[in-house]
> 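Structure incoming, see below.
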Amino acid sequence: MKTIEASGLTKGYGGRPALSGLSLGVEEGDVFGFLGPNGAGKTTTIRILTGLLEPDSGEARVAGMDVSAHPRAVKRAVGVLPESQGYYGWMTGEEYLSYFADLYGVRNAGRRARKLLDEVGLGERGGSPVGGYSRGMRQRLGIARAMVHSPKILFLDEPSLGLDPKGQREMNDLIRRLGRDEGVTVFLSSHLLSEIEDLCTRFAIVREGRLVAEGDRAELEARLGGGRRLRLEVSDLEKALGFARCVTGLAGVRGEGDALIVELRTDEAAAMLLRLLVMERIEVYSMQRFAPSLEEIFLGLTDGQHAQRESGVAR
Amino acid sequence: MSAPATRDRLSPLAEAGGGSFPGDALLVAKKEVKESIFGVRGSMWAVVSALVLSLMSYLLLTDAELSLLDQSEMLYIVTSLSVGLGMLVTGILAGDSVAGERERSTLESALLSPIRLGSMVAGKVGAVLAGWFLIFAVSAPYILVVGAGSTVALPALIYTFVLGTLCVGGFAALVVGMSSLARSGRGVTLGALAIFLGMAAPTLLGTVLQKSWFGTVYNALSPFAQARLSLDSVIVDKEPLFIQLPHIAALVGFAALAVAFLAFAARRISFEGGE
């Protein structure tokens with residue numbers, strides 16, 4: 001069942017389009033990675049889906065509710081960590097969470113605040129003013145605030161921003177557990193592709209306000225050639241590069257260190273390349289098939305030429 | 001960090017959303033009062049007001065020329081000063097109330113919660129009014145000391161509170177409304193100060209100009225002038241309350257218009273600023 005659905009969303013700021021007919025769907029319980037370069041419309045999408053902005057056209061449904069028609073009900077159903085949120089520096093962490101717990105009508109707000117502070121690792125600093133917190137501590141406090149009313153859907157806009165590697169790992173563990181153990185649907189926008197590569201069950205890639213691709217990892221790989229990539233360690237890379245460029249059926253050829261990397265359009269192309277290398281007396285020491293990283297998929301799909309080919313394709 | 005158990009802790013009240021309109025407004029007001037009245041700013045305004053009132057009272061009671069004024073005239077000056085200080089302080093607090101949160105990026109989190117915009121601005125106006133109550137509390141001893149021995153001291157105190165609350169309340173609603181639509185808290189505060197000076201300007205007009213058509217129109221349009229004229233009428237001229245009805249009606253009208261503007265502005269609050 002889709003718990004987040006957007007259909008044909010458009011939004012412009014002073015004539016400049018931020019979203020141009022964006023459509024996507026997120027299944028309940030998914031940890032959904034929402035990726036795109038700066039200015040792609042990620043934050044605008046999150047603001048529309050959380051009832052903070054009205055789209056110019058299109059429809060957004062969250063938790064089964066039309067966001068434009070029932071913004072308060074949607075706000076009750078979701079927790080949000082905005083990309084750059086401010087904090088009341090004069091409040092202690094506990095006061096801050098209690099205040100928001102009260103706004104959401106959570107019973108025993110103080111107890112809930114203390115519990116959350118412990119869970120995000122701020123238990124010992126809960127009595128200190130937020131003004132003295134580090135960036136990472138504030139980010140954890142923001143996550144705790146987003147969860148203060150125990151939402152079924154979490155929108156996290158760059159949650160790892162400002163966290164050190166240990167903090168990033170802890171944040172990822174938390175998100176993973178929320179999705180896996182608690183069944184919370186997580187809509188995660190991030191630039192740290194390597195961080196969320198293993199975290200998300202599905203992904204959407206946006207560029208210039210349009211959806212470029214959506215699906216699980218395998219589906220995205222398929223959009224880039226289905227993971228048909230070969231890494232060959234050869235005796236003479238320069239010669240091998242030259243011959244490889246003559247082989248039809250290869251989508252791309254490049255050198256990486258001492259290895260030749262080729263993208264295959266067909267399996268026959270791999271056989272042809274091998275035959276050619278052997279004929280030309282170039283030793284092949286090893287050959288490995290590998291899948292592109294999420295970063296490569298992202299760059300491939302958001303690259304100008306590819307995006308142009310894909311423009312208008314929603315799914 | 002460990003994953004919080006999210007489902008089982010959702011209370012029935014949370015399922016139903018935030019609290020009631022007055023409940024949410026009270027929450028916001030309590031937070032704002034703690035920040036602006038019980039904080040450094042509140043203490044600073046209390047001290048500044050006390051200093052200004054002390055200086056004025058001292059001059060009224062000891063200055064060779066000012067001490068020649070009738071006691072009721074002195075009382076009128078102190079009560080007018082109290083309302084003026086109230087407007088000044090509330091204008092500054094109100095200017096920062098919404099636009100300041102927008103500038104500090106704290107507004108987005110508040111708007112992401114299910115609180116009604118009406119509750120939010122009502123809470124903010126309530127907190128700003130608490131600033132007036134603080135100024136009035138500081139002023140009260142001065143009013144009672146300057147009016148000591150006269151029969152009008154206590155009525156003047158009560159009447160100052162009533163008129164001041166109408167005048168300052170309307171002004172607070174107006175400026176919180178402006179702050180709801182603006183991007184810059186500092187800009188709204190400067191605008192509020194300019195409006196306050198405009199309202200106080202009739203006090204600077206000479207007697208002849210005050211009695212001219214220009215002075216009459218200016219006084220009629222200025223809530224602060226209406227409050228001063230009514231205080232003058234009650235404290236100095238000892239005129240009965242029914243004579244004050246036009247002044248009170250003007251202040252009620254101003255407050256009603258300001259609240260209507262606030263309601264209009266509240267519906268347009270966005271984290272980005274005015275539409």
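These values consider heavy atoms only, across backbone and side chains, with no hydrogens, waters or symmetry-generated copies. Values in this document were obtained by computation on a predicted structure and should not be read as measured data.
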> For chain B, which of A/Ala144, A/Ala146, A/Pro82 has the most heavy-atom pairs under 4.5 Å?
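Of the options given, most contacts go to A/Pro82.
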> If you look at every heavy atom in B/Ile115 and A/Arg72, which pair is closest and at what distance?
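It is C-NE, 4.3 Å.
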> Quick check: closest heavy atoms across A/Tyr104 and B/Leu112, and the distance to 0.1 Å?
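It is OH-O, 3.4 Å.
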> In this structure, are over 12 heavy atoms from other groups packed under 6.0 Å from A/Arg180 atom CZ?
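Enclosed: over 12 neighbouring heavy atoms sit under 6.0 Å from CZ of A/Arg180.
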> Which residues satisfy the side-chain contact (heavy atoms from CB on, under 4.5 Å) test with B/Met56, sequence neighbours excluded?
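Counting only residues at least two positions away or on another chain, B/Met56 forms a side-chain contact (heavy atoms from CB on, under 4.5 Å) with B/Leu60, B/Ile77, B/Leu81.
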> Please classify the contact between A/Phe155 and chain B as side chain, backbone, both or neither, with a heavy-atom cut-off of under 4.5 Å.
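A/Phe155 has no heavy atom closer than 4.5 Å to chain B.
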> Do you know which two heavy atoms are closest between B/Ser109 and A/Gly86, and how far apart they sit?
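Nearest pair, atom of B/Ser109 first, then A/Gly86: OG-O, 4.4 Å.
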> Ignoring hydrogens, what is the shortest heavy-atom contact between A/Tyr99 and B/Leu27? Give both atom names and the distance.
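Of all heavy-atom pairs spanning A/Tyr99 and B/Leu27, the closest is CE1-O, 3.8 Å.
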> Most heavy-atom pairs under 4.5 angstrom with chain B, which of A/Arg145, A/Gln85, A/Glu95, A/Arg47?
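Among A/Arg145, A/Gln85, A/Glu95, A/Arg47, the one with the most close pairs to chain B is A/Arg47.
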> Under 4.5 Å from any heavy atom of chain B, what part of A/Phe100 do you find: side chain, backbone, both or neither?
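Contact with chain B involves the side chain of A/Phe100 alone.
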> Only pairs of heavy atoms separated by less than 4.5 Å count here; which of B/Arg104, B/Lys30, B/Lys34 has the most with chain A?
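Result: the option with the highest number of such pairs is B/Lys34.
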> Where does A/Leu53 contact chain B at under 4.5 Å (heavy atoms): side chain, backbone, both or neither?
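Answer is side chain: those atoms of A/Leu53 sit under 4.5 Å from chain B.
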> So A/Tyr96 and B/Lys31, side chain to side chain contact (heavy atoms under 4.5 Å, CB included) or not? Walk me through it.
CA-CA 10 Å; A/Tyr96 182 78; B/Lys31 189 269 286 178; over 6 Å; no
